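Source: prediction; values computed, not measured.
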Amino acid sequence: EFVIEMTKLVTQESEEKKLIAKGSELLKPLIQSDTWLPEFCTIPHAEFYQQFLLHADPLGRFSVVSFVWGPGQKTPIHDHCIWGLIGMLRGIEKGQRYQRLPSGQLIVDGPETVLYPGEIEVVSPTIGDIHVVSNAVPNKTSISIHVYGANIGAVKRHTYDPVTGKIGRAHV
């Protein structure tokens, strides 16, 4: 149902602000229960966070991915270069946004956020797209559902050195 409604939305709407607002409303019911998520998409890796592609629109207009976080796992500082919705399904995530200055240096952009089940965070180059995310539960798995405004596997993204702000490898 979610995929059908998102497909209708991206077919009818192209304005990012409206896609984010309407997409968030569609995502809310999906993250109220995790019984729909296949078991293999909930298993953490011992060393690093896992990503499982749940759906990729055949026209590349959106994709849906489950992120599975083991205890203590986190991303590097990274961007997405497109809009994205992060819906917390199980556990708790912490996130910290960064801003990249013209000099290339990264500075903290606002307070650290904490995302609880049922809550949604938004990223976009227009509202803030550079961040680091981590599992906030020290002894349990956390799972979030990410909806991106493109096939995220085909988008050239970046990681950033936390000290210098220099761009690292592409594709987080």
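Put simply, Ile152 and Ile20 are part of two different groups of oily side chains (I, L, V, M, F, W, Y) that touch within less than 4.5 Å, one to the next. Under a hydrophobic-cluster definition in which Ile, Leu, Val, Met, Phe, Trp and Tyr are linked whenever side-chain heavy atoms come within less than 4.5 Å, directly or via other members, Val68 and Trp36 are assigned to the same cluster. Phe67 and Phe2 are members of different hydrophobic clusters when ILVMFWY side chains are connected at heavy-atom separations under 4.5 Å. Note on Leu85: it clusters hydrophobically with Leu37, by side-chain heavy-atom contacts below 4.5 Å among ILVMFWY residues. Cluster membership check: Leu26 shares its hydrophobic cluster with Trp83, using side-chain heavy-atom separations under 4.5 Å among Ile, Leu, Val, Met, Phe, Trp and Tyr.
For His55 and Phe62, the ring centers sit closer than 6.0 Å to each other. A centroid separation of 6.0 Å or more is found between the aromatic rings of His158 and His78.
Here the closest non-hydrogen pair linking Pro125 and Cys81 is CG-C, 3.6 Å. Taking both residues in full, the closest heavy atoms of Pro138 and Pro71 are given as O-CB, 3.1 Å, listed atom of the first, atom of the second, then distance. For the pair Val155 and Ala150, the tightest heavy-atom approach, listed with the atom from each and the gap, is CG2-CB, 3.7 Å. The minimum heavy-atom distance linking Phe40 with Phe52 is given by the pair O-CZ, 3.3 Å.
Salt bridge status for Arg157 with Asp79: absent, with no side-chain N to carboxylate O gap under 4.0 Å. With salt bridges taken as basic N to acidic carboxylate O contacts below 4.0 Å, one links Glu25 and Lys28.
At least one side-chain heavy atom of Val114 sits less than 4.5 Å from a side-chain heavy atom of Ile92. A 4.5 Å side-chain heavy-atom check between Cys41 and Leu54 finds at least one atom pair inside the cut-off. The shortest side-chain heavy-atom distance between Ile167 and Thr159 does not fall under the 4.5 Å cut-off.
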Inset, instruction - Carefully, step by step, assess Thr141 and Thr42 under the rule side-chain contact (heavy atoms from CB on, under 4.5 Å). - result: CA-CA 8 Å; Thr141 299; Thr42 68; over 6 Å; no

Inset, instruction - Starting from the C-alpha separation in whole Å, work towards a yes-or-no answer on side-chain contact (heavy atoms from CB on, under 4.5 Å) for Glu16 and Ser124. - result: CA-CA 9 Å; Glu16 181 180 283; Ser124 162; 2.5 Å; yes

Inset, instruction - Please assess Ile120 against Ile86 for the test side-chain contact (heavy atoms from CB on, under 4.5 Å), listing each intermediate value before the final yes or no. - result: CA-CA 5 Å; Ile120 297 172; Ile86 303 161; 5.9 Å; no

Inset, instruction - Kindly indicate, with the supporting measurements, whether the criterion salt bridge (charged side-chain N to carboxylate O under 4.0 Å, His left out) is fulfilled by Asp161 and Lys166. - result: CA-CA 5 Å; Asp161 182 281; Lys166 287 186 179 177; over 6 Å; no

Inset, instruction - Evaluate side-chain contact (heavy atoms from CB on, under 4.5 Å) for Val65 paired with Ile145, printing each intermediate quantity in order. - result: CA-CA 6 Å; Val65 180; Ile145 305 300; over 6 Å; no

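Rounding to the nearest 0.5 Å gives a distance of 9.0 Å between CG of Asp57 and OG of Ser63. Annotation: the span from Ile143 atom CD1 to Asp34 atom CG amounts to 6.5 Å, rounded to 0.5 Å. Of the inter-residue distances, the one linking His45 atom NE2 with Trp69 atom CH2 reads 14.5 Å to the nearest 0.5 angstrom. Residue Arg90 holds its CZ atom at 10.0 Å from OG of Ser66, rounded to the nearest 0.5 Å. Distance check, rounded to the nearest 0.5 Å: CD1 of Ile4 to CE of Met6 gives 13.0 Å. Distance CG/Leu89 to CG/Leu30: 7.5 Å, rounded to 0.5 Å.
With 3.5 Å as the limit, one finds no donor-acceptor pair spanning the side chains of Glu93 and Ser142. Arg61 and Thr11 form a side-chain donor-acceptor contact under 3.5 Å, judged by distance and modelled atom types alone.
In this structure, His80 and His131 have perpendicular ring planes: the angle between them is above 60°, well past the 30° mark.
With hydrogens and angles disregarded, no donor-acceptor distance shorter than 3.5 Å links the side chain of Glu15 to the backbone of Lys17. Counting only distance, with no hydrogens or angles, the side chain of Thr75 and the backbone of Val133 share a donor-acceptor pair below 3.5 Å. Of the possible donor and acceptor atoms, one in the side chain of Gln73 sits under 3.5 Å from a partner among the backbone N and O of Gly70. Panel note: side chain Asn135, backbone Lys74; no donor-acceptor pair is recorded below 3.5 Å.
Each side chain to side chain donor-acceptor pair (under 3.5 Å) pair with one or both residues in residues 98-114, not counting sequence neighbours, would appear here, but there are none. Counting only residues at least two apart or on different chains, the salt bridge (Lys or Arg N to Asp or Glu O under 4.0 Å) pairs with a member in residues 114-134 are Arg97-Glu121.
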